[in-house]
Amino acid sequence: MKRRRLLQVGAAGALLAGGLAWLRPADRSAPHTSYFSRLQRMLQHDGPGTACLVLDLDRVNHNLIALRDTMPPQMAYRLVAKSLPCTDLIEQVLATMRSRRIMTFHQPFTNQLARDFPDADLLLGKPMPVDAAATFYERLRPSIFDPQMQLQWLIDSPNRLRAYRDLAQQLDVRMRINIEIDVGLRRGGVADDASFIQLLRMLRDHSQHLRFAGLMGYDAHVMRMPAIFGSPESLQQRAHARYAHFLGLLRRHGSDLLTMNQDLPLVFNTAGSLNYQLHASGSPANEVAVGSALVKPSDFDTDALAPFQSALHIAAPVLKTASGLRLPGMEWADAFAPILDPNLAHTHFIYGGNWMATPESPAGLQPNPWYGHSSNQQMLNGGDAARLRSGDYVFLRPTQSEALMLQFGPLVVVQAGAIIDRWPVLSAS
C-alpha cells in the first residue's frame, strides 16, 4: 500500500476513534453521599436485611415547617391519607398542623382511620360505589367516632346520590354529603348547572337522611397543563372562577342548606401538594389538602416545593455484583460494553425491584434496558466510582408515595442518625 494511502487510512481511523470518544457518555458514577453512607451504616447494623422503605423523620419535620410557612393563612389544612398511609405518621402531621381533618380515598382505610382517629373529620376524596359505603357501616365498630357528624361522603351525580339516599334509608342513618364539582380537571364531578341544582333539591327533600356538608373541587390540572394553555396562575384563576360559579348557584338555589345545619362548619375543599400555595389569595375555598409534599417523591420536584426535602427512600440490599455487562448470550460484551460506555462497567443485582422509583445513590446507577425489569432481582449497571459490594445498599427515590408505601411492610424510621422505630402502614384490605 502506498504511503499516501496509509496516511489516509490512519487519518480516517483517528477521526473515527475521535468521533467514538466524543460520542462516549461521561462516567456518571460516584460513591454514596455522606447522607446515604450514614443510612447504609444504620441499615447494616440494625436493618431488616430486605428491601425496605426508610422514612427520615428529621426531613418530615423540616417539611412540616415549610408547609406551615407557606400555608395560605385563611385555609384549614386537611391531610391526604393515601399519600401518607401510616397511622403514626398521620398522627405526627396532624399534631404539628393542629388539624383533625383527613381525606380518605380507600374504603378499608376509612374504617381504620375511624378506629385510629375517633375525633377526626373524614372527607372522601373520590366518589365511592354505594357498596363500598355499605361495607364501611358493616365494618364500623362501636367507638366514639360518629359518622353522622364526622364523615363526609363525596357525591358526583344525582344517580349516585339516589343510591346513597336509599342506603341511608335502609340503615336509618343520616349521611353528610359533600358535592364534587368539576373546576377544570375533567375527571368527573358535577359540571352543569342543572345537575348541581338537582342535587341541592334532593338534599333538601331528603334532609332526614341526607345532610349537605360542602363542596370539593380538585384543581391539580393547573400545574400539569402545557404552557400554551396558560400559566399556572392564570389557570388557577379560571378554576377559582369555576368554583365561585357553583358557590353562587348554592347561594341562589340552596341558601336554606347553608343555614339549616349550623352546628358543623361547611367544608369547601380544593387543591393539593402541587398548587396549594396558589390559593393564597382569591380562592373561594376554605381548606386545602396536602400529603405528598411532606415526603416529597420526585413527581413533586417543582419550584414551589423547592424548600421541601425528599424524606422517603427505598433501601435495597445488593445481592450480587460483578464486573462487565453480564448479559446472557452476550458474554463477548462483558468487557467491550464498558469501553463504549463507562456506566456499564459493573453489574449489580438488588433485593427486589421494578418499583415506581429511580436510583438515587450511589450516583450513576441505571436499569439495564436489554436485560429488562425484575421485581425479584433488579439489574442495575454503574461505573467504577460507585464502589458497591455485596451487602451494601442501593437507595432509590420514589416517584410517588401513595401505592409504593404499602409494598414494604413497616417503615424504617430514622432520626438524629439512628433507627428509632418501625411504623406499620395501613392495611389495603
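Quantities reported herein were computed from a predicted structural model and do not represent experimental measurements.
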Side chain to side chain contact (heavy atoms under 4.5 Å, CB included) assessment of Gln366 paired with Leu344:
CA-CA 9 Å; Gln366 57 189 350; Leu344 301 177; 3.9 Å; yes

Run the numbers on Val267 and Met216 for side chain to side chain contact (heavy atoms under 4.5 Å, CB included), then give the verdict.
CA-CA 8 Å; Val267 169; Met216 193 272 273; over 6 Å; no

Stepwise side chain to side chain donor-acceptor pair (under 3.5 Å) check, Asn111 with Gln107
CA-CA 7 Å; Asn111 281 97; Gln107 188 283 314; 2.4 Å; yes

Check against side chain to side chain contact (heavy atoms under 4.5 Å, CB included), Met97 and Leu67:
CA-CA 9 Å; Met97 297 302 295; Leu67 177 61; 3.7 Å; yes

Would you check, one step at a time, whether the test salt bridge (charged side-chain N to carboxylate O under 4.0 Å, His left out) holds for Arg252 with Asp193?
CA-CA 12 Å; Arg252 291 194 300 274; Asp193 294 3; 5.9 Å; no

Residue pair Asn368, Leu325: steps toward the side chain to side chain contact (heavy atoms under 4.5 Å, CB included) verdict
CA-CA 9 Å; Asn368 188 289; Leu325 190 55; 3.4 Å; yes

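Residues Met405 and Leu53 share a closest heavy-atom pair of CA-CD1, 3.5 Å. Between Leu249 and Leu200, the shortest heavy-atom distance links the atoms O-CD1, 4.2 Å. The shortest heavy-atom contact between Pro398 and His313 is CD-CA, 4.1 Å. Residues Ser143 and Ala114 share a closest heavy-atom pair of OG-O, 4.4 Å. Heavy-atom minimum distance, Ala244 versus Pro284: N-CG, 3.9 Å. Heavy atoms only, all atoms of each residue included: Glu180 and Pro127 are closest at OE1-CG, 3.3 Å.
In this structure a side-chain-to-backbone donor-acceptor pair under 3.5 Å is present from Arg242 to Ala191. Asp182 places no side-chain N or O within 3.5 Å of a backbone atom of Gly189 that could act as its donor or acceptor partner. Formation of a donor-acceptor pair under 3.5 Å by the Asn275 side chain with backbone atoms of Ala220 is not found in this model. Here the side chain of Ser99 pairs a donor or acceptor atom with the backbone of Tyr77 at under 3.5 angstrom. Under the 3.5 Å distance criterion, the side-chain polar atoms of Gln378 are matched with a main-chain donor or acceptor of Asn354. Of the possible donor and acceptor atoms, none in the side chain of Asp341 sits under 3.5 Å from a partner among the backbone N and O of Pro25. Panel note: side chain Asp384, backbone Ala345; no donor-acceptor pair is recorded below 3.5 Å. Listed for the Arg141 side chain is a donor-acceptor partner under 3.5 Å among the backbone atoms of Arg139. The closest donor-acceptor contact from the side chain of Thr270 to the backbone of Gly217 lies under 3.5 Å. Judged by distance alone, the side chain of Thr321 and the main-chain N or O of His348 form no donor-acceptor pair under 3.5 Å.
The number of heavy atoms from other shown groups lying within 6.0 Å of CZ (Arg162) is above 12. At most 12 heavy atoms of other shown residues, nucleotides or ligands fall within 6.0 angstrom of atom CD in Gln208. Taking a 6.0 Å sphere around CG of Asp263, one finds it holds more than 12 heavy atoms contributed by other residues, nucleotides or ligands.
Arg422 and Asp46 are joined by a salt bridge, as a carboxylate oxygen and a charged side-chain nitrogen come within less than 4.0 angstrom of each other. In summary, Arg100 and Glu91 engage in a salt bridge, as defined by a charged side-chain N under 4.0 Å from a carboxylate O. Using a 4.0 Å cut-off between charged side-chain N and carboxylate O, Arg397 and Asp301 make a salt bridge. Look at Arg387 and Asp392 and you find no salt bridge, because none of the NZ, NE, NH1 or NH2 atoms lies under 4.0 Å from a carboxylate O.
With rounding to the nearest 0.5 angstrom, the CG atom of Leu426 is 13.5 Å from the NZ atom of Lys82. Note that CE of Met128 and NZ of Lys126 are 5.5 Å apart. Values are rounded to the nearest 0.5 Å. To the nearest 0.5 Å, the span separating OG1 on Thr110 from CZ on Phe136 amounts to 7.0 Å. To the nearest 0.5 Å, atoms CZ (Phe349) and CG (Leu319) are separated by 10.0 Å. Between Leu161 atom CG and Ser195 atom OG the span is 11.5 Å, to the nearest 0.5 Å. Atom CZ of residue Arg211 and atom CD1 of residue Ile177 lie 11.5 Å apart, to the nearest 0.5 angstrom.
By the 30° and 60° cut-offs, the orientation of the rings of Phe36 relative to Phe395 is tilted.
For Ala30, the side chain to side chain contact (heavy atoms under 4.5 Å, CB included) test picks out Ala363, with sequence neighbours left out. Under the rule for a ring pair (Phe, Tyr, Trp, His ring centres under 6.0 Å), the partners of Phe408 that lie at least two apart in sequence or sit in another chain are Trp355.
Between Leu264 and Asp121 the shortest side-chain heavy-atom distance does not fall below 4.5 Å. Side-chain contact between Leu39 and Tyr393 is absent, with no heavy-atom pair separated by less than 4.5 Å. Using a 4.5 Å cut-off on side-chain heavy atoms (C-beta onward), Leu257 and Leu266 make no contact. Counting only heavy atoms from C-beta outward, the side chains of Gln152 and Leu124 never approach each other to under 4.5 Å. In this structure, Met42 and Val54 have side chains that are not in contact, with every pair of non-hydrogen atoms separated by 4.5 Å or more. Taking 4.5 Å as the limit, every side-chain heavy atom of Leu113 sits out of range of all side-chain heavy atoms of Phe145. A heavy-atom distance below 4.5 Å is found between the side chains of Asn61 and Gln415. A 4.5 Å side-chain heavy-atom check between Met202 and Pro158 finds at least one atom pair inside the cut-off.
Between Ser283 and Tyr243, the side chains place no donor N or O within less than 3.5 Å of an acceptor N or O (distance only, hydrogens not considered). For the residue pair Asp88 and Gln92, no side-chain donor N or O sits within less than 3.5 Å of a side-chain acceptor on the partner. The closest side-chain donor-acceptor pair between Asn269 and Asn178, if any, does not fall under 3.5 angstrom. Judged purely by distance below 3.5 Å, without hydrogens or angles, the side chains of His279 and Gln236 pair a donor atom with an acceptor atom. Residues Tyr371 and Asn381 have side chains that never bring a donor and an acceptor to within less than 3.5 angstrom of each other. No side-chain donor-acceptor contact under 3.5 Å links His62 and Asp56. If you check the side chains of Asp27 and Ser29, you find a donor sitting under 3.5 Å from an acceptor.
The side-chain tip of Arg59 points at the ring of Tyr35 from less than 6.0 angstrom away and within 45° of straight on. The cationic atom of Lys296 (NZ for Lys, CZ for Arg) does not lie both less than 6.0 Å from the six-membered ring centre of Phe308 and within 45° of the ring axis.
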